[in-house]
Amino acid sequence: MAAISSFSASFSVRSDKPSFSTSPSNFSSSIHFLPKFLHFPRISVSPLPLKISCNASSTVSAQSTSPTAKTELKDFLHINDFDKDTILRLLDRAIDVKALIKSGDRSFQPFKGKTMAMIFAKPSMRTRVSFETGFTLLGGHAIYLGPDDIQMGKREETRDVARVLCRYNDLLMARVFAHQDILDLAKYATVPVINGLTDYNHPCQIMADALTMIEHIGRLEGTKVVYVGDGNNIVHSWLLLAAVVPFHFVCACPKGFEPDEKTVEKARQAGISKIEITNDPKEAVIGADVVYSDVWASMGQKEEAAYRRQVFKGFQVDKSLMDIAGSKAFFMHCLPAERGVEVTDEVIEAPNSIVFQQAENRLHAQNAVMLHVLGK
């Protein structure tokens, strides 16, 4: 609590130098000697001390400790939070905005005057550069907050981070380990929150993948996507997309490395797509439109890398596996790739590899997502 005491003061002029006098009577008698530019209006000051309280009202206090509902704008946390029409509309928007950016036209500035805070518990080249570049190209300013800037959940609770950053920014994007962190951010933030990756899922990557498939295959619906490798967050996102848009999804993984059972069941119960989980990659890739791979040991699993290389033998995507898939099959990888481990150099450099088109489309798909959640 702070307090400001009352006081009175006056100017008196002696010789050519002004000086302060605390006598009220001197003020009125001497002020007429001041030059015109130094004349001040008479100020009446209350003799009672003015107190400024730092205590908030009970209403404000209640609002600051509980989440405020987002009434119009929506978070982007999971693919299946949106219906099929919305997902396809987002992909159409991505195509349009991509064409505009490619043309060199910079007149479309929907994010002018807006800021986005990007929280990175996990470092990333593609996620940071694609979000920051995309938001900047559309007129906004993105702020990078690295692993040591916040230490969310350690140095400061996630709910507190959310309630602070949403007061500075129009949008939050977070790339974190625990999925609960992104859920807590969305719960307590009053601005939209975008999931840049969690250990559970990676919806922005799958939006970029879907966009890339539309560009190269001509469609997403009715395709066959075969993922070969660990049943990780990428697989979960494909499964959640399959719960909304109809296509055939197969995950070929070693025993014990299957995707989350509840997520598999959710995709199957939706009754929209054909879902298969198998331990035979050669059988799985027959007739595939896309053969998809990812690293065998993700961030936070590197101590298991040697063990996983033994377990995943036979799940490397090489030329022989792509030959089984057929000449029309494209190869996709979310990157970074460990060449010679989950995929051979020959495959990733082949004409039917579209991994770098995927990487570029992170920017365009995410632009569409940001436009959507900000109501643009």
Side-chain angles (χ1 to χ4, degrees), residues 78-79 121-124 126-127 175-179 182 195-206 208-209 224-243 248-268 273 275-285 288 290-318 320-322 324-325 329-345 347-348 353 355 358-359 362:
H78 318 90
I79 291 281
K122 287 185 176 184
S124 171
R126 271 159 296 280
T127 299
R175 179 181 170 91
V176 297
F177 286 91
H179 191 66
I182 203 76
N195 179 355
L197 174 140
T198 71
D199 285 346
Y200 173 67
N201 71 340
H202 196 356
C204 289
Q205 178 65 57
I206 272 32
D209 297 341
K224 181 179 180 181
V225 178
V226 181
Y227 176 95
V228 180
D230 183 31
N232 60 14
N233 52 3
I234 294 293
V235 177
H236 296 155
S237 289
W238 274 114
L239 288 167
L240 294 178
L241 180 61
H248 183 184
F249 179 71
V250 185
C251 175
C253 55
K255 290 182 179 180
F257 291 87
E258 292 87 357
D260 175 65
E261 290 182 6
K262 290 182 179 179
T263 306
V264 174
E265 190 60 26
K266 182 182 293 185
R268 285 175 171 160
S273 300
I275 307 296
E276 293 184 86
I277 309 298
T278 179
N279 305 123
D280 186 347
K282 292 180 181 179
E283 180 70 24
V285 299
V290 167
V291 177
Y292 198 115
S293 186
D294 190 9
V295 293
W296 291 340
S298 300
M299 208 174 298
Q301 300 173 331
K302 297 305 180 184
E303 70 281 357
E304 304 175 20
Y307 168 70
R308 282 172 175 256
R309 288 193 184 195
Q310 294 297 318
V311 174
F312 280 77
K313 279 183 177 179
F315 289 83
Q316 183 187 72
V317 181
D318 55 16
S320 64
L321 192 66
M322 291 302 297
I324 295 172
F330 289 97
F331 175 71
M332 300 178 77
H333 194 299
C334 54
L335 299 179
E338 291 190 75
R339 297 177 183 230
V341 182
E342 77 276 359
V343 59
T344 62
D345 194 72
V347 168
I348 206 169
S353 170
V355 299
Q358 280 178 268
R362 285 288 302 276

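Computation of the quantities below employed the complete heavy-atom set of this structure, encompassing side-chain atoms and omitting hydrogens, waters and symmetry-equivalent molecules.
Evaluation of the side chain to side chain contact (heavy atoms under 4.5 Å, CB included) rule for R309 yields W296, E338, V341 as partners, not counting sequence neighbours.
Between atom CG of residue D260 and atom CD of residue E265 there is a gap of 11.0 Å, rounded to the nearest 0.5 Å. One finds the NE2 atom of H202 at 10.0 Å from the CG atom of N232 (value rounded to the nearest 0.5 Å). Atom-to-atom distance recorded for Y227:OH and S237:OG is 11.0 Å, nearest 0.5 angstrom. Atoms NE2 and CD1, from H248 and I275 in turn, are 8.0 Å apart once rounded to the nearest 0.5 Å. The CG atom of D294 lies 5.5 Å from the CD1 atom of I234; values are rounded to the nearest 0.5 Å. We find the NE2-NZ distance between H78 and K266 to be 7.0 Å, quoted to the nearest 0.5 Å.
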List the steps, then state whether side chain to side chain contact (heavy atoms under 4.5 Å, CB included) holds for H179 with D199.
CA-CA 6 Å; H179 191 66; D199 285 346; over 6 Å; no
Does the side chain to side chain contact (heavy atoms under 4.5 Å, CB included) test come out yes or no for E261 and I277, once each step is laid out?
CA-CA 10 Å; E261 290 182 6; I277 309 298; over 6 Å; no
Please walk me through it: do H236 and T198 pass side chain to side chain contact (heavy atoms under 4.5 Å, CB included)?
CA-CA 11 Å; H236 296 155; T198 71; over 6 Å; no
Derivation and outcome, side chain to side chain contact (heavy atoms under 4.5 Å, CB included), residues F331 and L321
CA-CA 11 Å; F331 175 71; L321 192 66; over 6 Å; no
Start with the C-alpha distance between D280 and T278, add both sets of side-chain angles, then the distance that settles side-chain hydrogen bond (donor to acceptor under 3.5 Å, both in side chains), and finish with yes or no.
CA-CA 6 Å; D280 186 347; T278 179; 5.8 Å; no
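Considering all non-hydrogen atoms of both residues, V285 and I324 come closest at CG2-CG2, 3.7 Å. Of all the heavy atoms in C253 and G229, the pair that sits closest is CB-O, 2.8 Å. Nearest heavy atoms, Q358 versus H333: OE1-N, 2.7 Å. What you find for V290 and M332 is that their closest heavy atoms are CG1-SD, 3.4 Å. Closest heavy-atom contact between A288 and V226: CB-CG2, 3.7 Å. Residues A284 and A252 approach most closely at CB-CB, 3.9 Å, considering heavy atoms.
Two residues are said to be in side-chain contact when any heavy atoms from C-beta on lie closer than 4.5 Å; S124 and L197 fail this criterion. No side-chain heavy atom of E304 sits under 4.5 Å from any side-chain heavy atom of V311. In this structure, the side chains of D230 and R308 come closer than 4.5 Å at one or more pairs of heavy atoms. Annotation: side chain of V235 is not in contact with side chain of F257 (no heavy-atom distance under 4.5 Å). In this structure the side chain of K282 never reaches within 4.5 angstrom of the side chain of S320, judged on heavy atoms.
Residue Y292 forms a side-chain contact (heavy atoms from CB on, under 4.5 Å) with just one option from V228, D209, V355, and that option is D209.
Between the side chain of E258 and the main chain of G256, a donor-acceptor pair closer than 3.5 Å is present. The closest donor-acceptor contact from the side chain of Q316 to the backbone of G340 lies under 3.5 Å.
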